[in-house]
Amino acid sequence: AQPQTCSRAKSGSNWNVTAANLTFQHVMSKVGFTVTPGTGVTLKKIEIVSAYPTVMLSQSGSTVTAAGSGTTTDIKLWDDTSTSVVTTYGVFVPKTYSSATFLKVTAEVGGVVGVVNYTVNGTFEAGKVYTASLNVNATDADYDVLADGLVQYLSAVARPPKKVAVGQN
């Protein structure tokens with residue numbers, strides 16, 4: 001869309017204003033997660049991994065771009081306690097992930113706190129919203145159950161992270 005100007009003219013004591021279309025294109029990516037805890041699981045925290053803490057906006061003509069700056073850090077999307085479904089959203093600088101950990105979910109089972117790491121492979125584009133539904137269970141057929149009854153992904157034992165299939169809206 002071409003930029004338009006807004007004009008106004010005075011008629012007596014009133015201003016006649018002509019409306020103009022305003023085109024807005026977001027330069028950030030938005031992600032949304034619905035995390036469902038299984039029986040006996042308490043959600044503690046949901047974080048985006050290795051995101052830039054600061055965004056620098058640059059303008060060239062009518063184009064604005066975003067670039068991350070600062071030392072990457074984990075950004076909390078949600079930090080509370082829940083045994084119910086949690087839906088949370090975050091906005092961050094567009095980034096490409098190559099089978100890298102993107103999301104951490106901290107959960108508790110039977111008094112033991114652990115972290116579930118989710119990986120993603122792809123690019124989060126500017127102006128787009130991405131959503132994913134995740135289930136965090138106390139048992140998982142894909143992983144061996146440890147002696148304390150927890151599966152590896154809720155323990156301190158290292159394991160390959162789970163992959164998240166992210167849907168784009």
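Residues take their numbers from the sequence shown, with the count starting at 1.
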Residue pairs meeting side chain to side chain donor-acceptor pair (under 3.5 Å), one or both in residues 70-79, sequence neighbours left out, come to Asp74-Lys104, Lys76-Asp79
CA sep, side-chain torsions, deciding dist, call: Val136, Thr36, side chain to side chain contact (heavy atoms under 4.5 Å, CB included): CA-CA 6 Å; Val136 179; Thr36 304; over 6 Å; no
query = Any cation-pi pair here, Lys95 with Tyr52, using under 6.0 Å and within 45°?
reply = yes
| task | Check the pair Thr34, Leu134 against side chain to side chain contact (heavy atoms under 4.5 Å, CB included), reporting the backbone distance first and the verdict last. | result | CA-CA 6 Å; Thr34 299; Leu134 311 172; over 6 Å; no
Spell out, yes or no, whether Leu57 and Phe92 are grouped together once hydrophobic residues are joined by side-chain heavy atoms under 4.5 Å, including indirect joins. no
| request: Start with the C-alpha distance between Ile46 and Leu103, add both sets of side-chain angles, then the distance that settles side chain to side chain contact (heavy atoms under 4.5 Å, CB included), and finish with yes or no. | output: CA-CA 7 Å; Ile46 302 170; Leu103 185 74; 3.8 Å; yes
By side chain to side chain contact (heavy atoms under 4.5 Å, CB included), Ala51 pairs with (sequence neighbours left out) Ile48, Ile75
To the nearest 0.5 Å, atom CD of Glu47 lies from atom CG of Asn117 at 10.0 Å
Of all heavy-atom pairs linking Met28 and Ala66, the shortest is SD-CB, 4.2 Å
Does one hydrophobic cluster hold both Val64 and Val93, with members joined at side-chain heavy-atom distances below 4.5 Å? yes
| query | Is the distance between the ring centroids of Phe124 and Tyr130 under 6.0 Å? | reply | yes
TODO: Answer yes or no: is there a side-chain heavy-atom contact under 4.5 Å between Ser69 and Met56?
DONE: yes
Transitively linked via ILVMFWY side-chain contacts under 4.5 Å: Val49 with Val31?
no
Original post:
Quick check, are the ring centers of Tyr89 and Phe33 under 6.0 angstrom apart?
Top reply: no
Interatomic distance, OH@Tyr97 vs OG@Ser50, rounded to 0.5 Å, equals 6.5 Å
The reported gap from OG in Ser82 to NZ in Lys45 (rounded to nearest 0.5 angstrom) is 15.5 Å
Practice problem: Could you tell me whether Gln59 atom CD has more than 12 heavy atoms of other residues or ligands within 6.0 Å of it? | Solution: yes
* Asked: Would you say the side chains of Thr42 and Thr83 form a donor-acceptor pair under 3.5 Å?
  -> no
What one should report as the nearest heavy-atom pair of Ser29 and Ala126 is OG-N, 3.9 Å
From CA spacing to verdict: side chain to side chain contact (heavy atoms under 4.5 Å, CB included), Val105, Val115 = CA-CA 6 Å; Val105 177; Val115 175; over 6 Å; no
